[in-house]
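Quick caveat, the model's predicted, so the values are computed rather than measured. A note on names: the letters A, B, ... follow the listed sequences, proteins ahead of strands, and every chain is numbered from 1.
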Protein chains: 2
Amino acid sequence: MLAELRRPERTFTIRQLCQEFKVTPRALRFYEDKGLLAPSRDGMNRVYSYKDRARLQLILRGKRVGLPLAEIRDILELYGAEDGPVMQSAHSLKRFRQRISEMEQQREDIDQAISELKTACERLEKQLAEVRPDLLPRAEDYDQMLRARLDGHTYPLSAK
Amino acid sequence: MLAELRRPERTFTIRQLCQEFKVTPRALRFYEDKGLLAPSRDGMNRVYSYKDRARLQLILRGKRVGLPLAEIRDILELYGAEDGPVMQSAHSLKRFRQRISEMEQQREDIDQAISELKTACERLEKQLAEVRPDLLPRAEDYDQMLRARLDGHTYPLSAK
DNA sequence: CCTTGCGTTGACGCTAACGTAAAGGGAATA
DNA sequence: TATTCCCTTTACGTTAGCGTCAACGCAAGG
C-alpha cells in the first residue's frame with residue numbers, strides 16, 4: 001500500500017496529452033482506433049496512464065522517422081508481449097531486423113541530406129551577402145541556432 | 001567540341017531509370033508533373049540525362065528521410081538556381097535552416113529507435129532460443145543481412 | 001498487315017492519417 | 001435554469017503519392 005504512491009500513479013486527460021505533445025484529440029482517438037493506444041475509461045472519458053504517455057512518445061518518435069502506424073503498432077506489441085504465440089515472434093524478429101537495417105540506411109541518408117543542405121545554405125548565404133546583406137540572418141536567428149546546438153548534445157532530455 | 005564527349009552524354013529511357021531505382025514509370029511522370037523532374041523529349045518520348053538521373057537520386061533520398069515531394073522540389077530548385085528573385089531565396093534560407101534542425105532531431109530519433117529495436121530483438125532472440133532454438137536465424141538470413149548491408153547505398157528501401 | 005513492345009496522355013481509384021462538422025452527454029459556473 | 005466547457009461517437013471530407021485502367025502512337029519483326 002505504501003509502495004503505490006511512487007509516482008506513476010498520475011493520469012492524464014486527452015487535452016493534457018494533446019497540449020504536451022502538440023497533437024489533436026482526433027489523432028489520439030485515431031491511434032486508439034488503430035490499436036496503438038488503449039487508455040482506460042472513467043465513464044465515457046478516456047484516462048491516460050503514464051504507460052499510455054510513454055507509448056504515445058514512442059508513437060510520435062516512430063512517426064518522425066517515417067514509420068507507418070501499422071509498423072509502430074507491431075513494435076509496441078513487441079514491447080508488451082513476452083508471451084503470445086512463439087511462431088509469430090519468430091516472424092516478427094525477421095521483420096524487425098529488416099527494419100533495423102532499413103533505418104541504418106535511413107540514417108546515412110539523413111546525414112547526407114543534412115550536410116548537403118548545409119553547404120547549399122552556405123552557398124545561398126554567401127550569394128545573398130553580396131547582393132542583399134540586409135536580408136541576412138540576425139541576432140534572433142543565431143539565438144535559435146545556438147539553442148538548437150546546445151539542446152543537441154548537452155541536454156539529452158529535449159523531446160519537443 | 002572535344003570537351004563534350006566526357007561521359008555524361010549518356011541518356012536513359014524511362015524504363016532504364018525505373019529498373020535501376022526500382023520505381024514505376026507512373027512515379028517518374030508524377031514527379032515530373034509536380035515539377036521535380038524535367039527530362040527532354042525525343043518526339044513524344046522522355047529522355048533522361050545524367051543530371052536527371054542525379055536529381056532522381058536526390059528525390060529518392062529525400063523520400064527515404066520522409067520529406068514531402070514539395071519540399072524536395074524546393075531543395076532541388078535551390079541547387080539549380082544562382083538566379084531568381086532574391087527575396088524568395090532569403091525566405092527559403094530560413095526554411096532550410098529549420099529543415100536542417102528538424103532533420104538533426106530526426107537523426108537522434110533514429111539512433112534511439114535503432115538501439116531500442118536492437119535490444120528488443122536481442123531479448124526476443126534469447127527468449128526464442130530457450131523455447132524454440134530451431135526457429136533462430138540461419139545462414140540464409142545472415143546472407144540477406146549481408147546483402148542488405150552491401151547494397152546499402154545503392155538501393156532504396158521503401159515501405160510497401 | 002498484324003502483333004508485340006515500349007512509349008504517351010488523361011482520368012479515376014485507393015490507402016494513410018488525420019481534419020472537420022454534426023449531434024449529443026455530463027458537470028460546473030453564471 | 002441556461003450557458004459554457006470538455007468530453008464522447010459517427011460520419012463524411014481532404015491531401016499526398018502514387019496504382020491502375022483506357023485509349024492511342026510508333027517502330028520492329030514475323
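Residues passing the ring-ring contact (aromatic ring centres under 6.0 Å, His included) test with B:F12 are B:Y50, sequence neighbours excluded. With sequence neighbours excluded, no residue forms a salt bridge (charged side-chain N to carboxylate O under 4.0 Å, His left out) with A:R26. Judged as a salt bridge (charged side-chain N to carboxylate O under 4.0 Å, His left out), and not counting sequence neighbours, the contacts of B:D74 are B:R95. Qualifying side chain to side chain contact (heavy atoms under 4.5 Å, CB included) partners for A:D111, counting only residues two or more places apart in sequence or in other chains: A:R107, B:R107. For B:E102, the salt bridge (charged side-chain N to carboxylate O under 4.0 Å, His left out) partners two or more places apart in sequence, or in a different chain, are B:R99.
Summarising the geometry, the separation between CG on A:L28 and P on C:dG19 is reported as 10 Å, rounded to the nearest angstrom. Rounded to whole Å, the distance from CD1 on B:I59 to C1' on D:dG17 is 13 Å. The CG atom of B:D42 sits 13 Å away from the P atom of D:dC26 (whole-angstrom rounding). Going from atom CZ of A:R73 over to atom P of C:dA17 covers 10 Å, rounded to whole Å. In this structure, B:L37 places its CG atom 12 Å from P of D:dC18, rounding to the nearest Å. The distance between atom CZ of B:F30 and atom C1' of C:dT15, rounded to the nearest whole Å, is 14 Å.
At C:dC18, one or more side-chain N or O atoms of A:K63 fall inside 4.0 Å of OP1 or OP2 (strictly under the cut-off). Put simply, B:Y31 has no side-chain N or O that comes within less than 4.0 Å of OP1 or OP2 on D:dG17.
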**Request:** Going 5' to 3' through nucleotides 5-11 of chain D, assign each nucleotide B (protein heavy atom under 4.0 Å from a base atom), S (under 4.0 Å only from sugar-phosphate atoms) or - (no protein heavy atom that close).
**Result:** -SSBB-B
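Side-chain contact between A:Y48 and A:L37 is present, with at least one heavy-atom pair separated by less than 4.5 Å.
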